[in-house]
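Each chain gets a letter, A, B and so on, in the order its sequence line appears, and its residues count up from 1. Fair warning: this is a prediction, and the values are worked out from it, not measured in the lab.
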Amino acid sequence: MLYREAGDFKTTYAADSQTFPIRSDRWRYFAVLAIAWGVIPFVIDDYWANAILVPFLIYSIAAIGLNILTGYCGQVSLGTGGFMAVGAYSVYKLMTMFPEVSIVVHVILAGGITALVGTAFGLPSLRIKGFYLAVATLAAQFFLVWLFNKVGWFYNYSASGQISAPERFVAGVAVTGANTAPWAQYLICLAFVTVCAIVARNLTRGSVGRKWMAIRDMDIAAEIIGVNPLTAKLSAFAVSSFFIGISGALFFAVYLGAVEVGEAFGIQKSFLVLFMCIIGGLGSIFGSFAGAAFLVLLPVALKVLGVDLLGWPSSTVAHLQLVAVGALIMFFLIKEPHGLAQLWRVTKEKLRLWPFPY
Amino acid sequence: ELVIPDLSYRTGPYGANGTPFSDGYQDYFALLNARDGGIGGETIRINECETAYNTEKGVECYEATKGDAPLVYQPLSTGITYQLIPKVAADQIPMHTLGYGRTSAAAGETFPWVFNYPATYWDAASVAVNYLLSENGDDLSGKTIALIYHNSAYGKEPIRTLEELSEKHGFTLTQLPVDPPGQEQKSQWLQIRRDRPDYVIMWGWGVQNQVAIQEAANVGYPMDQFIGNWWAGAEPDVMAAGMAADGYKSLNMNRIQNYPVLDEIRAQVIDAGNGAGDGSNVGTVLYIRGMYTAMLAAEAIAKAQELAGSPQITAAQMRDGMEALEITNARMAELGMEGIGPEFTVSCENHSGSGEGLVQQWNAAEQVWVPLTDFIAPDKSVIDPLIAEDAAAYAAENGITPGCL
Amino acid sequence: MLDEAQTETLLEVSNIEVIYNHVILVLKGVSLKVPKGGITALLGGNGAGKTTTLKAISNLLHSERGAVTKGSIIYRGERVQELSPEALVRRGVIQVMEGRHCFEHLTIEENLMTGAYTRSAGKAAVAADLEMVYTYFPRLRERRKSQAGYTSGGEQQMCAIGRALMSKPETILLDEPSMGLAPQLVEEIFGIVKDLNEREGVSFLLAEQNTNVALRFAHHGYILESGRVVMEGPAAELRENPDVKEFYLGVSDAGRKSFRDVRSYRRRKRWLA
Amino acid sequence: MSADFLYMIEVVINGLMAGVLYALVALGFVLIYKASGIFNYAQGVMALFGALTLVGIMEGQVPFAHIINATFGTDLHQFGWTVPALLAILLTVGVMILLAWMVHTFVFRHLVGQEPIILFMATIGLAYFLEGIGDLMWGSDIKTLDVGIPQGGSLWVENLSSGLGGEDFYGFFIDKLDITASVVAILLVAGLIAFAQYTKQGRAMRAVADDHQAALSVGISLNFIWVLVWSLAGMVALVAGIMWGAKSGVQFSLSLIALKALPVLMLGGFTSIPGAIVGGLIIGVGEKLFEYTIGPMIGGATENWFAYVLALLFLVFRPQGLFGERIIERV
Amino acid sequence: MKDQVEPHVTADGRRIGGVLMDLRGITLRFGGVEAIKNISFDIREGEIRAIIGPNGAGKSSMLNVISGFYHPQDGEVWFRGAKRPAMKPFQVARLGIARTFQNIALFDGMSVLDNIMTGRLTHMKTGLLSQMVWAGPAAREEAENRAVVERIIDFLEIQAIRKTPVGRLPYGLKKRVELARALAAEPKLLLLDEPMAGMNVEEKEDMSRFILDVNDEFGTTIALIEHDMGVVMDLSDRVVVMDYGRKIGDGTPAEIRANQEVIDAYLGVAHD
Ligand SMILES: Nc1ncnc2c1ncn2[C@@H]1O[C@H](COP(=O)(O)OP(=O)(O)OP(=O)(O)O)[C@@H](O)[C@H]1O
Ligand SMILES: Nc1ncnc2c1ncn2[C@@H]1O[C@H](COP(=O)(O)OP(=O)(O)OP(=O)(O)O)[C@@H](O)[C@H]1O
Ligand SMILES: [Mg+2]
Ligand SMILES: [Mg+2]
C-alpha cells in the first residue's frame, strides 16, 4: 500500500469538505507550497524565471480561469487571448493613469474589468451551445484584438501601437520593468497564483461550483432542478475572465514587459490555454497546473534535447517539435482522455490496490 | 571564441522569409571562420535558436542564449525587439535591428544598447516618398498615395512619418490595413481599383505580400506604381504571381547583384557542407540582407577588437565597436561586396546610420531584382524631430536620463 | 419446449473477467451457454453485470474503456473476442442496447434502415422486413417521419428493437427490452421474441430485470450477482426456487405481497454474493 | 446607374465569390462533423498538406530531403522529373486517402465515444503534427502552384459591364479563379448532398454522428465510415488547397484559412452541406460590404471579427445555424 | 366539474389535504403532434397520485408541463390555490416542485454526494464573494446542507457510494441517487417519472418503501408515472390514465382496474 486513504476518518462535514480531505495529499500540498515559497526564490535565475517558471505560473492562472468556464461550467471558449488582452491593456492604462497606486491593486482591477467584458461576451451562451459557442467566442477574440490595435487611446497613441510596462515597485522592490530581479518576478506571480488557486478551489467545491458543474453535465436538468442558467453561466464567465484578466495583466506587466496585441494575445494564445486545460484535465485545478507545466516545458525540453543534446539543426528540431507536440497531444488523449489529472487519479487508485493489479 | 546568437525563424507563418535571412547571416560567419580563421584570430560560434516569429519564444531564446557571453542580438522581428529593448539595456548586451524594430532607437542617447543602422522604417517611408518626388519633378501635390499595411506594430510604423510627409508635400494619404496573415485582400484591392490612387506603398510581410501583388495584378493596378518597403521586396513575394508581377518595385538597403563574396561562400561554405541551409537561397534578397547584417556585425567586432586592443571582446566592448562603426565604399569593395549598402557612420547620437535606401524593380522574365536607383537619402528634417519626440517620451516613461555611455 | 440436450451450443462464454478503466473489476468469471434456437435469460439486480456481459459478447466494451482480460467467448466454434462489433453483426449476432440508443437526428424510418446496413439482400427484402417491423409495432409506423429524439421513451425502445430485427439476426442480445414499456407492450414484445424464436429460429440472450416475464418466456436462466453467476438452470426450475421466488419474483409462500407492505416486514437474509 | 452603386454591386459579387472560397474549406469540416461529431480543426492544415503534396509531386521533389540529406550526407532534392497536373492530382488524392486511413487507425479509432471536446483537441494535435510533417517532407519555403487555373480579372465581364455606369465606372471586376472555384464548389456540393442523403453510407454516416456505440451495435463499421469521410474531407481540402494555393502560394499561412471557414460553418450549421455554401455566401458578402462601407470610418481591417459577429447575430436567432440540425433538448 | 372531496384521512392513517396542484384544460402540441389534448386533473396535498398510460400517451410531457419545461398552448396550472404565471423551470423548482427523469438525468461528472447537494441549491443562498474566501457563512451553510443531505443518504441507504462518480453506477442506483437529489430539495410536490423502470422486484420493493416513507414522514405530495401495475395499484391513492394525449380515466386504483376503456387501451388483460 503506497497510497492510503483508509484510516483517515472525518468527524465533521466541514473536515470532509476541506480542500485536501486525505492526509497524505495535504502533506504533499504543503510541501509543494513550502518549496515554491521557501526554496525556489533563493535559487532562481534569469533563465528559469523568464523562460519557465514565470510563464508557467501565469499560464496556470489563465488555465485555472478557463478551466472554470470550460472544465467546470462546460462552456468552451476560444476567446482567452482576447480576455488576456483586456487584462493587459487595463493594467497598462491603470499603471499609466494612476502611477501612484500599487500595481497589485491595478492587477486586481484589471481582473475586474476583464470580468465585466467577459460577462458581456458571455451573454450569447444563454442561447448558443457547444462548438457553436466556442466559435462564437472567437468573435470576442478577434474583435478585442482589433479594438486594441485600432484605438490609440488604449496604447497611449504610441507610434507602433505597442505598450510597454513602466517600472513599478511592491514593497520597494521592482516587479515590472527591465530591472526586475528574477525572484521578484517569480514571487509576485506566485502570490497571485496561490491566491487564485485557493479562490478557485473554494468556489468549485461549494454551491457555486455545483451549479456550474450541473450546467456542464446537463443544462436542461440543471435548470429543472432549480439552477438559473443565466446567473450560473454568467458568473462562470465573470470568474473565469477575472482570472484570465489577472493572468493577462501579469503576462504583460511582469513577464513580457512589452506587448503587441495581435502577436501576444492572438488566437494562438486562446488555443494554447485551452490545450493546457484539456491536457491537464478539464474540471481540475491540479490539472490546470499540470497542463500549464506540460505545455510550457515540453517545447523547451524538446529543444534542449534536439538542439543541445543531439545537435540537430534548429530548423529540423523546430519542425520535429511540431510533430512531437502534435503526436504527444494525441498520444495523451488516447492514453487518458481526461487529462493528466485523471492519469494521476488512476495512478492513485492503482497504488491503493498495489501490489494487486485490481 | 566569439559567440553570436541567431534568433531565427524557419517555421511558422514567416518561416519562408526567416530562413534565407538566417542562412545568409550564418553563412557569412562560416565564411570568415573558413577563410580567415574568424575575426582577429577568434573563431565565431553561432548559437541558433528558433523563435517561430513568436515573442515568447523569442524571450525564451534570449534567456537561453544570454548566459553564453553573446556579443550582439539580432532578432529579425519587431515584436521580439520590443521585448528585448529593456532587457538588453539591463543585461548590457547590444542589439542590432537592421531596418526594423523601434525607429526611435536611432536616438542612441536614450537607447544606448540598440542600433538600427543603416536605416529605419521612417527612413524607408521618407525614401519612398523622395523617390516618388524625383519621379514627379519634385511635386506630389494633388497626388494620392495609398498605404496598404500589415495591421500590426510593424505595419503601423510608417504612418506617422507618411502623415507628416503628406502634409509637407501635399499628397493625400489613404490607409488600408490588412489583418495578418493577409490571405484575403479583396476589399482593399477593390477599393484601390475604384479610387485608382497614383501610387500604392506596401508595408507587408509574409503571405500578405504575395497576395497583394497577385491582387494588384488581378485588378490591373500598374505594377510600376506599386512600391513595397524593404520587407516586401524579396523573391518569394513576387514568384507566386508569375509574369504578372513584372515591374513591381520595392525599396532595399542592399543592391542585389552577384558579389564576389557570394562565390566565396558557395565555394568555401556551401560546397564544404557547412552551409546553414542547402545553398539554394544564396544570392536571394533576404539571403544577401542576412549576409550584409553579418558583415556589419563582423566589422563592428573588428572595430571593437581594435578599440579594446584584444581579440577577445565583451558585449560592452562590442557596443563600443558598433557605436564607432564606419562603413565605406572602399571597405565594402575590399570585402567583395562593393556597393552592397550605403556608406554610413554610427555615433552615440545617431544609431541609425545614413538612412539611405534604393529602389529596385522585379524583372519577372529573368527572375531578378534590378536596382533602379542609387541610394536615396531620407528627409531627415522630418524624421529627426519625430525620433526625438518618441525617444523623449520613452525616456520619460522609463525614467532614463539620456546621455552617451 | 426446447430440448436442451439435443441442441448445439451457439454461444459459449467461459469464465470471463471484465475490467473497466484498467482498475474496476466487474465480471469475476462468468460462464454461460446459449443454445441454438433457445431463449436464455440473464437475471440479476442492478449492477450485477448483465449489461457488461452482453457488451463483452458483442465487443462493445472497447469503446467504454473496458476489456475482457480472461476467459473466452466462442460463437459457432470460433473465438470472437478479437472481432469488431461489425464483424459480429455480419455473423448474425446483434445487440439491442440498454437505454434505447436511437439515432436522435434520424427519423424512425431511417433508424430502422440503418439496421439493414450490413445486409446485402436486395431492396425488396429490406422493404419487406421494414413492413414486418411496422406490423409488429404499429406505433412506429405512425411516427416514422419523426426524428427519433422527439419520440417517447417507449417508442424509442420499439425503434431500437425494430432496428435490430432489420439485420435479420441469428442471435439477438436483448438488454432490458421491457424497461419503460407499458405492460401490454411488454407482453407484446415477449410475444414477438417467442414468435421469432419459434418461427425463425432466432436465438436470444436476454438480460432482464422483469424476472417474472423473463422466466415465463425463457428456456434457461442464469442469475448473476456482483459479477458472478450464482445460480442457473432451466427457467421452470428457477421459477420454483424459493430464493428466486422471494427475491426476484416478489412472491412468498403466502402469494404476492403488496408493495404497501414493504415497510412492515424485514427481508430474509439473502444468499451471499 | 451611379458608379457608386455599381461599385457596391461589384463588392457584393466579389463577396459572393470570396464566400465560395470559404465554403470550400467549410465543406470539409461539415463532412467530418456530420459523420463523427468531430470538429476537425486540422482541416486547414489538411488543405495545406494536400497542396504541398501536390506541388511536391508535380515538381518531382524528394520528400524528407532535408532529413535524408542530414542523416546520410547525400544531396538529394529533386528526382529530376515533373508530373503533369492531372496525374499529380490523382496521386495526391491517393496520398490523402492514405492520410485518412492513418489518421483514423492511429488516432480516432482509439477515441471512439469520447466527448466532443476531447476529439476536437485531438484534431488540434493532428494539425500540429501534419504541419510539422508537411514542412519536413516538402520544406517550408513558399511554393507556387500552377495547375492551369486561369487567374486575373475577367476582361469579358469587365468589358460587358463597363457601359453601365458612365466614365467613373470601369466595369465589374471578377476574378477568373473565383469563377472556377464557384463552379467546382457547386459540383462538389451537389455530389456531397447526393451522397449524404441518398446512399446507405450517407445514412450510416449520420447515424455514427449521433451515437457511436449504437452505430457499432447495428454493425456499422466505424472504421470504414470514418476512413471514407476523412478521405472525402481530405479531397475537399485538396480542392480548397488548390484554389487558395493558386491565390497566395503554397505555404504555412494556408493552414490559417480554417479560421475563415469557422464563421461560415457557424452560420450555415455544422451539419449542413448546403449550409456551408449559403453560409459562405452570406459571410462573404457581409464582411466585404461592411469593410467597404463602414470599414473606412472605423479604421478598416474589420473582416476577421465582422464575419464572426455576423455569424453570432444569426446564431442568436437560430442556435444551430441556418441549416444545422435542431439541437434536441429533451428530458 | 371536478369532484370536491374534502380533506380526509386514509385507511392507513395518512392525511390527504386540499388541492395542491390543479391542471385545467392543458393542451400541448409539437408541430403537428398533439401530445396532450385538453386534460384536467388535480393533485391533493399529501396524496400519491399515479399517471399511467401506454407509451407515447403524453405522461412525461405532462410532468414537463408541471415542471415548467414545456409551455402548454392552452390551459392553466394552478398551484396552492393561485394561477401559476408562465415560469422558467428553475423558478418552478423554487416553488418547491422537484422531480426525477425518465432517462436518468444525473450530472455524470460529479460524485453522488455532489449530485445530491445540487438538490439543495434552491436552499443555498451565500454569494460568490463569501464562497471565495470559504469562511463564515459559506462554510457554515455548506455544513448545514451537508447534514440534510447525509440524512437523505442514510435514508436511501447509499452511504457506501457517496464519493463515487455517478457515471459509473449501475442503473438502479442511479435512479436512487436521482430520487435522493429530488428529495434533497425538500419539495412540496415530488414528480417521479418511471422511478422503477429497470429494477427487479427486490429493488422495486426498496423503492416503494422510500416513496411511502417520504410521503408519510415528510408529508410530501407525490405524482408518479409507472408502468408496473402492481406498484401503481398498491401505492397510489388516485390514478389518472392517459391515452394518446387524452384522459381516459381518473379515480382510485379499484375504479381504474374496473374501467373498461382503461383495460382496452392499456392494461390488456385485467391485472391482478
Ligand atoms: N464504463 C464503466 N466504467 C466503470 N464501471 C462501469 C462502467 N460500466 C459499468 N460499470 C460498473 O460495472 C458494474 C456492472 O454494471 P452493468 O451495467 O453491467 O450492470 P447491470 O447488471 O446491467 O445492471 P442494470 O440492471 O442496472 O443495468 C456496475 O457496478 C457498474 O458500476
Ligand atoms: N419535444 C418534443 N417534440 C416533438 N414531439 C414530442 C416532444 N416531446 C414529446 N413528443 C411526443 O409527444 C408524445 C408523448 O410523449 P411523452 O414522452 O410524453 O410520452 P410518455 O407518455 O411519457 O410515453 P412513455 O411511457 O413511452 O415514456 C410522443 O409521441 C412524443 O413523440
Ligand atoms: Mg444493465
Ligand atoms: Mg415518458
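A donor-acceptor pair under 3.5 Å links the side-chain atoms of A:Gln75 to the main chain of A:Cys73, judged by distance alone. For D:Glu291 (side chain) and D:Thr302 (main-chain N/O), a donor-acceptor pair under 3.5 Å exists by modelled atom type. For the pair A:Trp146 (side chain) and A:Gly262 (backbone), a donor-acceptor distance under 3.5 Å is absent. A donor-acceptor distance shorter than 3.5 angstrom exists from the side chain of D:Gln43 to the backbone of D:Ala233, with no hydrogens or angles considered. D:Lys143 contributes no side-chain N or O that, together with a main-chain N or O of D:Val55, makes up a donor-acceptor pair within less than 3.5 Å. Using a distance-only test at 3.5 Å, with no hydrogens or angles considered, no donor-acceptor pair links the side chain of A:Ser240 to the main chain of A:Ile68. The backbone N or O of D:Phe270 lies less than 3.5 Å from a partner atom in the side chain of A:Tyr132, making a donor-acceptor pair. No donor-acceptor pair closer than 3.5 Å links the side chain of D:Ser36 to the backbone N or O of D:Ala209. Counting only distance, with no hydrogens or angles, the side chain of D:Asn40 and the backbone of D:Ala42 share a donor-acceptor pair below 3.5 Å.
The candidate from D:Met266, D:Gln114, D:His110, D:Arg318 with the greatest count of non-hydrogen atom pairs under 4.5 Å with chain A is D:Met266. Note: D:Tyr41 leads D:Phe317, D:Phe106, D:Phe306, D:Tyr41 in heavy-atom pairs under 4.5 Å with chain A. Contacts with chain A were tallied for D:Gly324, D:Ala127, D:Pro116, D:Pro263; D:Pro116 has the most, counting heavy-atom pairs under 4.5 Å. Counting heavy-atom pairs under 4.5 Å between each of A:Ala221, A:Gly339, A:Gly326 and chain D puts A:Gly326 at the top. The choice from D:Ile124, D:Val309, D:Thr123 that makes the most heavy-atom pairs within less than 4.5 Å of chain A is D:Ile124. Contact tally against chain A (heavy-atom pairs below 4.5 Å) for D:Leu262, D:Leu312, D:Leu315: the top residue is D:Leu315. Contact count against chain D (heavy-atom pairs under 4.5 Å) is highest for A:Lys150 among A:Met218, A:Lys150, A:Lys129, A:Gln141. No other option in D:Ala307, D:Ala301, D:Ala311 has as many heavy-atom pairs under 4.5 Å with chain A as D:Ala301.
Aromatic ring centres of D:Trp226 and D:His104 lie closer together than 6.0 Å. Two rings, from A:Phe142 and D:Trp305, have their centers 6.0 Å or more apart. Taking the six-membered ring for Trp, D:Tyr308 and A:Phe143 have ring centres at least 6.0 Å apart. Side-chain rings of A:Tyr155 and A:Phe148 stay apart, their centers remaining 6.0 Å or farther from each other.
Residues of residues 297-306 of chain A never come closer than 4.5 Å to chain D when only heavy atoms are counted. Listed in order of number, the residues of residues 272-291 of chain A that approach chain D to under 4.5 Å between heavy atoms are A:Leu274, A:Phe275, A:Ile278, A:Ile279, A:Leu282.
Shortest non-hydrogen contact noted between A:Ser270 and A:Leu78 is OG-O, 3.0 Å. The two residues D:Leu254 and D:Ile257 come nearest to each other via the heavy atoms O-CG1, 2.8 Å.
Only the side chain of A:Pro124 comes within less than 4.5 Å of a heavy atom in chain D; its backbone stays farther off. Neither the backbone nor the side chain of A:Leu328 comes within less than 4.5 Å of any heavy atom of chain D. Only the side chain of A:Val76 comes within contact range of chain D, with at least one heavy atom under 4.5 Å from a heavy atom of that chain. For A:Phe271, the part lying under 4.5 angstrom from a heavy atom of chain D is the side chain only. With a threshold of 4.5 angstrom between heavy atoms, A:Leu322 approaches chain D through its backbone and through its side chain. When heavy atoms are compared at a cutoff of 4.5 Å, D:Leu119 does not approach chain A at all. Residue A:Leu126 does not touch chain D at all, counting heavy-atom pairs closer than 4.5 Å.
The line from CD of A:Glu260 to CG of A:Asn149 is 7.0 Å long, rounded to the nearest 0.5 Å. Rounding to the nearest 0.5 angstrom, the gap separating the CD1 atom in A:Ile163 from the CG atom in A:Asn156 is 9.0 Å.
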